[in-house]
Amino acid sequence: MRIALVASGDLRESANTTCWPAQKAMEDKLSAVLADMGHELWRAHPVKPEGHGFIASQREGMDVFSGIDPDMPLIVAEAVWQYSHHVLPGLTTHRGPILTLANWSGEFPGLVGMLNLNGSLTKAGLRYSTLWSRDFDDAFFLDGLAEWLRTGQITHDASHLRPYAPDQTSPEDRAIARDIADDMRERKVIMGVFDEGCMGMFNAIIPDELLIPLGVFKERLSQSALYHAAREVPEQEGRACYDWMRERGMTFHLGTDPATELTEDQVIDQCRMYIAAVRLADRFGCESIGIQYQQGLMDLWPASDLIEGMLNNDDRPDVARADGSVIREGQAIAHFNEVDECAGLDAMMIHRVQRALGQPVETTLHDLRWGDNDASGTVDDFVWVFEISGAAPPAHHPGGWNGSESLRQPAMFFPAGGGTLKGYARPGDIVWSRIFVEGVALHMDIGLGRALELPPEESERRSRATNYEWPIMHGVLTGISRDQMMGRHRANHIQVAYASDTAAAERAMLARAALAQELGISVTLCGV
Ligand SMILES: C[C@H](O)[C@@H](O)[C@@H](O)C(=O)CO
């Protein structure tokens, strides 16, 4: 059988050319495996003179698909972060079986790219199968591939899923959830969206019609307004924020070459944008905000990540209004990275429930980046690398600000630099979740887990195997195997929040499930 292969890439040519060798190596392996099985893998688009073989725009993807027989079996293979909208239009009219596939490697965010495509295909209502492998020779992969070749689909183990039933939550916590839901629906809530849609993440956009019944409305803001407002903030105000973080013990790894190193000027500009973002959130009454950043703004201003980590922390530098009053003093302003609105909605619900239960509100999304057994032998579990591409709230790090550091964002992604907010998440009980769109409705997957402390060499190994600049949570998910998680998860992102102990985590999970259900979101308990 002849099988078409397409590879979607980044919009940034610097990322495409840097990552191409990893993609090529993966495609060669896949081709060899399929040849052994008696099939031919046909690359449906060429390796370009620019030095890579990725589809790098939506139009290019549409043109590639117009040359593919719509009834052929087709594999979208990803070893890198990719923009789903490059291939989504073509996939909407493809009739043959679709397989999304990634290599189990931390080197580049290929698994993350595949998971985003899966979430986007799910939201678009398209049928697909999905598979992953480290070396393309394990039984799980070979059996799955054989099943797909034979039947056009792969069924993953979903025995860890069960629908949530409201009587699992205590009457007191159901009342808390109902009060929050009533307040949202009556008083209404605003999510501030600084340029909707980021990096082709179709799954991350919630149609307004699905938010209206929850009382949630978007304020569509422009990154140009944020850029302008940041430029208006005097340098000394930015410096005061920078000093505030250093006084609390945060480490900034500074250099002198802005093209590849973090400079003080970049950090001060990030602080100016933090101040501008807080004031805009206040001006428009936004309960949460999301800054898209990665297109447009990335050419003008250092990365928004440090800003996002600062916003997501209750203990953050004060920002005053013109009259001198402090904006939401001592309270985090939930920020959803990459304007992932599903994460933004979840974060607002987390803030409200966790505050009502007296639990920490600090929450962040992470990429489901990679995972591996613990090479130090400290635990037997499979340990995930939850790793967001820039910043976690300092409250997630041991010692808070003192246990946090900032490194320059990689030049291949972020030409104007900017610092991250990195740390290794402190050990503790967590509740994880993901809101997603499927069948033109909102759904929530939720479960329990633990963040682990691993020996420094193992933390370092995991960080070096992925992006050293970015924060990590060593995550263990309760009752869910690696492959169950991969087979089910409908997004590249996973939301995490801490609880004080296991009982508190379970209570918070069930209270959040009750709130979601009350708001009309269908809830699946995963692994618990
Ligand atoms: C910098 C990259 O574009 C990352 O933002 C990307 O890999 C992601 O994190 C996607 O969630």
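Both ligands and their constituent atoms are indexed starting at 1 by order of listing. Remember, it's a predicted structure, so these values are computed and weren't measured experimentally.
- You'll find the ring centres of His396 and Tyr498 inside the 6.0 Å limit.
- Taking the ring axis of Trp384 as reference, the NZ or CZ atom of Arg462 does not stay both within 45° of it and closer than 6.0 Å to the ring centre.
- Ligand 1 is surrounded by Arg12, Trp81, Pro109, Val112, Met199, Gln294, Glu338, Asp367, Ser389, Phe413, Phe414, Trp470, Asn492, His493, each with at least one heavy atom closer than 4.0 Å.
- Looking only at atom types and distance, the side chain of Gln266 has no donor-acceptor partner in the side chain of Gln270 under 3.5 Å away.
- Residues Trp301 and Tyr227 place their aromatic rings such that the two centres sit under 6.0 Å apart.
- Residues Phe140 and Trp132 place their aromatic rings such that the two centres sit under 6.0 Å apart.
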_Derivation of the side-chain contact (heavy atoms from CB on, under 4.5 Å) call for His52 and Glu13_ = CA-CA 9 Å; His52 69 82; Glu13 285 297 85; 3.0 Å; yes
